[in-house]
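Whatever order the structure lists them in is the order used to number ligands and atoms, beginning at 1. This chain uses plain numbering: 1 for the first residue, then up along the sequence.
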Amino acid sequence: MEKLVYCTENSETELFIGKPWYEIGDHIDISNTIIITDSNIHSIYGDNFPSCPVITIDPGEQTKSITTVESIVEQLLEKGCDRTSFLLGIGGGVICDITGFVASVYMRGVNFGFISTTLLSQVDASTGGKNGVNSGVNKNIIGCINQPSFVICDPEMLKSLPEEEYISGLGELVKHAFIRDAGLLGFIEENIGSILNRDHNLLTTLISASVKIKIDIVTSDEKERGIRRLLNFGHTIGHAVEIELGMKHGFAVSYGMLMAAQISVEMGLLDRNELGRIETVLNKLKLLTDIPQELPDVTEAILKDKKVEKNKIFFVLLEGIGNGVIREIRTDDLVGIIKNKK
Ligand code: ADP
Ligand code: ZN
């Protein structure tokens, strides 16, 4: 088990990686906690939940809406929750995003924590404090930054994850290696078999390494004014193909990372061998199995990206493996580069 603690301006978050999730009683006051989860997780793990009231929502991204927020708020009121209540989200990214958002606004804010049940949320969504819901097709457009009190990541829970959900999470894990840690990439390359087999101890090591990179970046730039933008590696093009083709996040981001690595080569920042290494590891992790033969027109999706400001966007490139760099480029130029690649 690894315990990590990170602090931001007005909070302290404890992360427990490799801790059995059912030891949750160590962290909460059962008499004043409400669990928020989805029906899939409830059917697999519900029997072992602590004896707190449970609010169950439908699984899936379409549930991440203001309507669901209202419904949860009504149920919290019915259950008599007040400012001292604690919200415990048990689930993947969707549950963490909604629980964090509801906790941030209910009675102007109550404390919250997560048991993070997908690889994607363990290495990404549950740390960093971004909470929010979608509005129509606009992802995470209503949200806030607010850190949980604790996050528990138990790799054992990943054994019940559907294969594509698991593989999708590997996309964000390897992203952290690409942008910050060439050593971690080497370690991933040496352990592909055990990674695909979801080996418990190996996952504890990898999730810890990956989360440390994320924490390091987030704590030096909580509000995303500078270095936090590195975490968007692969995401500008990734989000666009995710929207256009309905791909799962980690697969779309992997495709975006490959494109960004190719652009890095064209700009003379990355050499071809390194690009080859990136493509090989993504392939071995089965992250490029679904990629489109031909890139759809992503112009509109890129122009609508909420990160675009005054027709410019901060695009992340690699100046060598393990060294992400941020370049501000005009969206027209970016669209031009992508169109040329088609
Ligand atoms: P993310 O945004 O982290 O990919 P979601 O919250 O959308 O995750 O969860 C993806 C899907 O996996 C949902 O259908 C959810 O119910 C299911 N799920 C989450 N965690 C587990 C788990 N440990 N075992 C089985 N299914 C899970
Ligand atoms: Zn992402």
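Near Pro59, meaning under 4.0 Å from one of its heavy atoms, ligand 1 places the atoms 14 (O), 16 (O). The Asp38 neighbourhood of ligand 1 comprises atoms 15 (C), 16 (O), with distances under 4.0 Å to a heavy atom of that residue. Those atoms of ligand 1 that come under 4.0 Å of a heavy atom in Ile44, given as number and element, are 24 (N), 25 (C). The distance from ligand 1 to the heavy atoms of Ile41 drops below 4.0 Å at these ligand atoms: 19 (C), 20 (N). Atoms of ligand 1 lying under 4.0 Å from any heavy atom of Val94, numbered from 1 in the order shown and given with element: 2 (O), 5 (P), 6 (O), 7 (O). Within ligand 1, the atoms closer than 4.0 Å to a non-hydrogen atom of Thr118 are 1 (P), 3 (O), 8 (O), 9 (O), 19 (C), 20 (N), numbered from 1 in the order shown. In summary, the atoms of ligand 1 found under 4.0 Å from a heavy atom of Met157, numbered by their order in the structure, are 22 (C), 23 (N).
At a threshold of 4.5 Å between non-hydrogen side-chain atoms, the residues Ile145 and Thr8 do not count as touching.
Note: Ile35 CD1 to Cys52 SG = 4.5 Å, rounded to the nearest 0.5 Å. Taking CD1 from Ile72 and CD1 from Ile34, the interatomic distance works out to 11.5 Å, rounded to the nearest 0.5 Å.
Considering backbone and side-chain atoms together, Gly93 places an N or O closer than 3.5 Å to an N or O of ligand 1.
When each of Asn111, Asn32, Asp29 is tested with Thr84 by the rule side chain to side chain donor-acceptor pair (under 3.5 Å), just one qualifies, namely Asn32. Of the candidates Leu173, Ile167, Ile195, Leu285 forms a side-chain contact (heavy atoms from CB on, under 4.5 Å) with just one, namely Ile195.
Side-chain atoms of Gln147 come within 3.5 Å of backbone atoms of Gly129 as a donor-acceptor pair (strictly under, hydrogens ignored).
Using a cut-off of 2.8 Å, one finds that Glu172 contributes an N/O/S atom close to the Zn ion (ligand 2).
Nearest to atom 26 (N) of ligand 1 by heavy atom, out of Pro162, Gly250, Ser168, is Pro162.
Among all non-hydrogen protein atoms, the one lying nearest atom 20 (N) of ligand 1 is Thr117 OG1, 2.8 Å. Among protein heavy atoms, the minimum distance from atom 21 (C) of ligand 1 is reached at Leu161 CD2, 3.5 Å. Scanning all protein heavy atoms for the shortest distance to atom 24 (N) of ligand 1 gives Ser160 OG, 2.7 Å. For atom 4 (O) of ligand 1, the nearest protein heavy atom (residue, atom name, distance) is Leu120 CD2, 3.4 Å. The single protein non-hydrogen atom nearest to atom 13 (C) of ligand 1 is Asn40 ND2, 4.0 Å, given as residue, atom name and distance.
Between Phe178 and Phe233, the angle of the ring planes goes over 60°, which puts this pair in the perpendicular group of the 30/60° scheme. Ring pair Trp21/Tyr45 is perpendicular by interplanar angle, where above 60° counts as perpendicular and below 30° as parallel. The aromatic rings of His249 and His239 sit tilted, their planes meeting at an angle between 30° and 60°.
The neighbour count for Glu9 CD, taken as heavy atoms of other residues, nucleotides or ligands under 6.0 Å away, does not exceed 12.
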